[in-house]
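Okay, so here's the structure we're looking at.
All values below were derived from every heavy atom in this structure, side-chain atoms included, with hydrogens, water molecules and symmetry-related copies excluded.
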Amino acid sequence: MTPDQRIALRNQLKRDEGSGITKNGHFMPYTCTSGKLTIGWGHNITDNGIKPKFADLILDDDMDDAAREMVTRWPWTEALDPARQSVLINMLFNIGGARLNGFRKMLMALQKKDYEGAAVEMLASAWAEQVGDRSLRLAEQMRRGWYV
């Protein structure tokens, strides 16, 4: 496909396929007239899913969103080392900022650089029971300050 052909076809497909519902500037999944779950400009998720490279792009974007939310909610986290920031980002990605904000004792310990105390608080939660080994790995990463 030539570059000019790609541009013309892209414009046609955007017009002809439409994009369904958008919310806050994001495409939302919708059911097309054939009953298929669709997103973007007519991408049939039901039959085609998404390619790994797109899943990786979405993951990168979601990680960036979580990192921004972390610093916005808890500005002091910018001073943490990357491994401990990543623990918070991982948890935020998993349960969202509102639920993570409920880990008050963990956050207070972390703000005081009491990494052992933060790890203990992580493991003393219902979240730890729900995610199993993930909580053990992240608590160890919180204690040590390196990726586990």
Side-chain angles (χ1 to χ4, degrees), residues 1-107 110 115 118-148:
M1 188 177 305
T2 68
D4 288 342
Q5 179 186 12
R6 179 173 295 282
I7 291 167
L9 180 57
R10 178 184 289 125
N11 289 335
Q12 276 186 330
L13 289 171
K14 283 182 174 184
R15 179 193 63 216
D16 295 340
E17 289 291 333
S19 62
I21 301 166
T22 58
K23 180 179 176 184
N24 297 327
H26 295 105
F27 292 112
M28 304 304 289
Y30 63 96
T31 303
C32 75
T33 56
S34 299
K36 305 291 185 171
L37 186 61
T38 305
I39 197 162
W41 288 283
H43 181 76
N44 177 341
I45 296 173
T46 300
D47 294 338
N48 301 321
I50 61 171
K51 294 176 182 170
K53 68 181 179 180
F54 297 121
D56 284 342
L57 287 171
I58 293 167
L59 177 59
D60 286 343
D61 192 60
D62 289 345
M63 290 185 322
D64 291 343
D65 288 346
R68 275 190 296 277
E69 183 176 353
M70 176 191 69
V71 173
T72 299
R73 282 183 179 271
W74 309 289
W76 52 267
T77 60
E78 276 191 301
L80 293 173
D81 59 83
R84 292 185 174 107
Q85 283 181 351
S86 291
V87 170
L88 287 179
I89 293 167
N90 189 314
M91 292 178 74
L92 205 153
F93 186 94
N94 179 232
I95 62 175
R99 276 193 63 203
L100 185 56
N101 202 44
F103 283 65
R104 298 212 185 277
K105 290 180 183 177
M106 181 204 73
L107 291 167
L110 187 54
Y115 305 124
V120 167
E121 291 300 329
M122 289 167 64
L123 294 174
S125 68
W127 166 81
E129 291 179 32
Q130 294 166 352
V131 299
D133 286 347
R134 181 183 199 167
S135 68
L136 298 174
R137 288 190 307 273
L138 291 177
E140 191 60 22
Q141 186 169 318
M142 179 63 75
R143 282 186 183 101
R144 294 181 181 201
W146 66 75
Y147 290 86
V148 175

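Listed by chain and number, the residues in a side-chain hydrogen bond (donor to acceptor under 3.5 Å, both in side chains) with E69 are R73 (sequence neighbours excluded). Residues passing the side chain to side chain contact (heavy atoms under 4.5 Å, CB included) test with A119 are A139, M142, R143, sequence neighbours excluded. Residues satisfying the side-chain hydrogen bond (donor to acceptor under 3.5 Å, both in side chains) test with D64, not counting sequence neighbours, are none. Take R68 and apply the salt bridge (Lys or Arg N to Asp or Glu O under 4.0 Å) test, not counting sequence neighbours, and it matches D65. The side chain to side chain contact (heavy atoms under 4.5 Å, CB included) check on E78 picks up V71, with sequence neighbours excluded. With sequence neighbours left out, N48 forms a side chain to side chain contact (heavy atoms under 4.5 Å, CB included) with H43, N44. Qualifying side chain to side chain contact (heavy atoms under 4.5 Å, CB included) partners for I7, counting only residues two or more places apart in sequence or in other chains: N11.
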* **side-chain contact (heavy atoms from CB on, under 4.5 Å) between L88 and F103, intermediate numbers included** => CA-CA 11 Å; L88 287 179; F103 283 65; over 6 Å; no

* Going through the distances and angles, do L136 and L123 end up as a side-chain contact (heavy atoms from CB on, under 4.5 Å)? -> CA-CA 7 Å; L136 298 174; L123 294 174; 4.0 Å; yes

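Screening residues 30-42 for side chain to side chain donor-acceptor pair (under 3.5 Å) gives K36-D47 as the qualifying pairs, with residues at least two apart or on separate chains. Note on residues 3-19: no pairs pass salt bridge (charged side-chain N to carboxylate O under 4.0 Å, His left out), not counting sequence neighbours. For residues 83-99, the pairs satisfying side chain to side chain donor-acceptor pair (under 3.5 Å) are D81-R84, S86-Y147, N90-R134, N94-W127, with sequence neighbours left out.
Of the possible donor and acceptor atoms, one in the side chain of T46 sits under 3.5 Å from a partner among the backbone N and O of L37. E121 places no side-chain N or O within 3.5 Å of a backbone atom of L107 that could act as its donor or acceptor partner. Side chain of T22 to backbone of G25: no donor-acceptor contact under 3.5 angstrom is found.
We find the CG-CG distance between L92 and L100 to be 5.5 Å, quoted to the nearest 0.5 Å. The line from CD of Q5 to CD of Q12 is 10.0 Å long, rounded to the nearest 0.5 Å. Taking CD1 of I89 as the start and CG of L80 as the end, the distance is 10.0 Å to the nearest 0.5 Å. Residue M122 holds its CE atom at 5.0 Å from CG of L138, rounded to the nearest 0.5 Å.
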Just distance, no hydrogens or angles: give the donor-acceptor pairs under 3.5 Å from side chains in residues 50-58, sequence neighbours left out.
none

